[in-house]
Amino acid sequence: MSIKTTATLLSLATLSLAASFACDRDERCQPGPGKICTYLGSGEAGLGDDGLDREDTHLYLPQDLTFAGDGLAYVLDWNNHRIITVEPDDTVKQVVGTGELGDAPDGDALRTNLNHPTHLSNSPDGKLIISAWHNSKIIEFDPKAGTLTTICGNGMRSYGGDGGPAKDAILDLPVATAFDAAGNMYITDQANQRIRKVGVDKVIDTFVGTGMAGFSGDEGPAAAAQIKLPGGQSAPPAGRLAIDGAGTIFLADSGNNRIRKIDPSGVITTYAGNGDPTFGGDGGPALKASLSRPSDIDLDPAGNLYIADTDNSCVRKVDTKGVITTVAGQCGNPGYGGDGGRAAAALLDRPYGIELEDNLLYIADTHNHRIRVVGLE
């Protein structure tokens, strides 16, 4: 979901997970290669209290997990309108939001009420960037100071502001952000059917999309292409981004049931998915495979692309040769089960978010109200 900004976080992140594969409290649940277990969440929808063990805390439709520069896992507890961390002692701490819905004013992060935030990314200067989805804002969170500052969006739900300061721009369901190596920020402006770009000069412009939902433009300039993301008040989150080291942008074009790619020259193509909202194609070319409302993507250091194939209730992988396979979940068979066993035999229920960290795949198993974790082979 985001470019990693530090290498030092890896040892700290591993500390919080250090154990062999088991699922009792004396020997923490840690997946071996190709295995899955629950990392966070009781499975019961609710608002968990601070200080609970991570396996006992309640979540409510979690959307995302990101490791930050302090080595902690930050989890976006979507329907509780908050962000929590998993502390080194495996307890949970609320760091952003009160658990109540609100207008996301700047200031003390623990006094601010958010409205269904959807995504977290790491900025080049060590801050966490919150996509405050229904607030129509992009907000910077300073973990050291515990404060929030709006950096893009005036809180209105419409479209406007291209060519001007990002803080004055108008967004509509900004669902995700990602940074390139130069420090430019890209925003999936979901209901506006665009990817917006905020340069290091803090000026915003449209980078991808005409503003009209549809599918067109492959092999041409991305700004003239159409993408298709759910809009409206009841739309589900969709359309997250990933950027590789060469500056290639990958987009989960959720409504088109495809993954699109924008190369550094600004040309857009389809990378995976034939547009058919079903399941199929494992073992063959990703371009001929069927995806069903993919919502999130991430890249491993080797360039393999992982896809949260949300309505298929599984996670899939496109290797560097363009071949697609399933790595977690039984595609087309939603449910809950399989902890301690093979990830590809487990059951997930509409996963919306994925994150790769230290050869582990974290899955926001959204409708199971859990974060699951898979050891990569």
Side-chain angles (χ1 to χ4, degrees), residues 1-2 4-6 8-31 35-99 109-110 114 117-122 126-130 141-144 146 296 298 339 351-366 368-375:
M1 285 186 276
S2 61
K4 305 301 184 290
T5 58
T6 69
T8 57
L9 62 85
L10 297 179
S11 59
L12 289 171
T14 305
L15 266 177
S16 69
L17 295 172
S20 58
F21 185 79
C23 288
D24 59 60
R25 297 305 165 81
D26 296 324
E27 197 173 0
R28 275 287 174 194
C29 187
Q30 167 82 358
K35 304 288 186 178
I36 190 171
C37 68
T38 293
Y39 172 66
L40 172 66
S42 66
E44 182 177 339
L47 181 63
D49 294 327
D50 266 7
L52 292 176
D53 186 273
R54 61 177 166 87
E55 294 178 25
D56 294 331
T57 196
H58 299 335
L59 305 173
Y60 200 165
L61 300 175
Q63 281 279 328
D64 190 27
L65 176 146
T66 297
F67 282 89
D70 57 11
L72 299 179
Y74 286 74
V75 179
L76 210 152
D77 193 4
W78 186 67
N79 217 35
N80 283 323
H81 317 289
R82 66 175 185 161
I83 296 165
I84 59 176
T85 57
V86 178
E87 298 294 298
D89 64 356
D90 282 312
T91 61
V92 168
K93 180 181 178 181
Q94 188 163 299
V95 293
V96 179
T98 65
L110 285 171
L114 304 175
T118 48
H119 183 258
L120 296 167
S121 66
N122 287 286
K127 307 296 196 308
L128 273 171
I129 305 302
I130 304 168
F141 170 52
D142 184 338
K144 292 181 180 178
D296 195 14
D298 203 2
D339 274 1
Y352 274 82
I354 53 174
E355 175 81 358
L356 292 164
E357 187 69 31
D358 198 22
N359 211 39
L360 295 172
L361 169 67
Y362 293 86
I363 304 168
D365 192 2
T366 304
N368 280 322
H369 312 291
R370 292 174 165 94
I371 304 293
R372 313 280 286 279
V373 60
V374 175

Pair D77, Y60 - check side chain to side chain contact (heavy atoms under 4.5 Å, CB included), show working. CA-CA 6 Å; D77 193 4; Y60 200 165; 4.1 Å; yes

Side chain to side chain contact (heavy atoms under 4.5 Å, CB included) for W78 and Y352? Distances and angles first, verdict last. CA-CA 11 Å; W78 186 67; Y352 274 82; over 6 Å; no

Between the side chain of T66 and the main-chain N/O of L120, is any donor-acceptor distance below 3.5 Å? yes

Is any side-chain heavy atom of V374 less than 4.5 Å from a side-chain heavy atom of P31? no

Please answer whether the main-chain N or O of L356 pairs with a side-chain N or O of D298 as donor and acceptor at a distance below 3.5 Å. yes

Can you find a pair of side-chain heavy atoms, one from P143 and one from V95, that are under 4.5 Å apart? no

Compare all side-chain heavy atoms of L52 with those of V92 and state whether any distance is below 4.5 angstrom. no

Nearest atoms (heavy-atom pairs only) where S42 meets D56: CB-O, 3.7 Å

Minimal non-hydrogen separation, Y362 against E357, with atom names: CE1-CB, 4.0 Å

When you measure from the side chain of H58 to the backbone of A45, do you find a donor-acceptor pair of N or O atoms at a distance under 3.5 Å? no

Give me the one residue out of R54, Q94, K93 that meets side chain to side chain contact (heavy atoms under 4.5 Å, CB included) with T85. K93

Least distance between heavy atoms, D64 atom then A364 atom: N-CB, 4.0 Å

Tightest non-hydrogen contact, residues E355 and F67, listed as OE2-N, 4.1 Å

Would the distance check show the side chain of D70 and the main-chain N or O of L72 forming a donor-acceptor pair, the cut-off being under 3.5 Å? yes

Just how far is it from atom NE2 of H119 to atom CG of L65, taken to the nearest 0.5 Å? 10.5 Å

Test item: T38 and E55 side chains (from C-beta on) under 4.5 Å apart, heavy atoms: no

Below 4.5 Å, heavy atoms only, C-beta onward: do I354 and L361 meet side chain to side chain? yes

Close side-chain approach of R82 and L47, heavy atoms under 4.5 Å: yes

I84 side chain near L40 side chain, heavy-atom distance below 4.5 Å: yes

When rounded to the nearest 0.5 angstrom, what distance separates CG in L76 from OG1 in T366? 10.5 Å

How close do R370 and G41 get, counting heavy atoms only, and between which atoms? CG-O, 4.0 Å

Does the side chain of P62 reach to within under 4.5 Å of the side chain of N80, using non-hydrogen atoms? no

Which distance, rounded to the nearest 0.5 Å, do you find between the OG1 of T57 and the CG of D50? 8.5 Å

d(I83 CD1, L110 CG) to nearest 0.5 Å is 10.5 Å

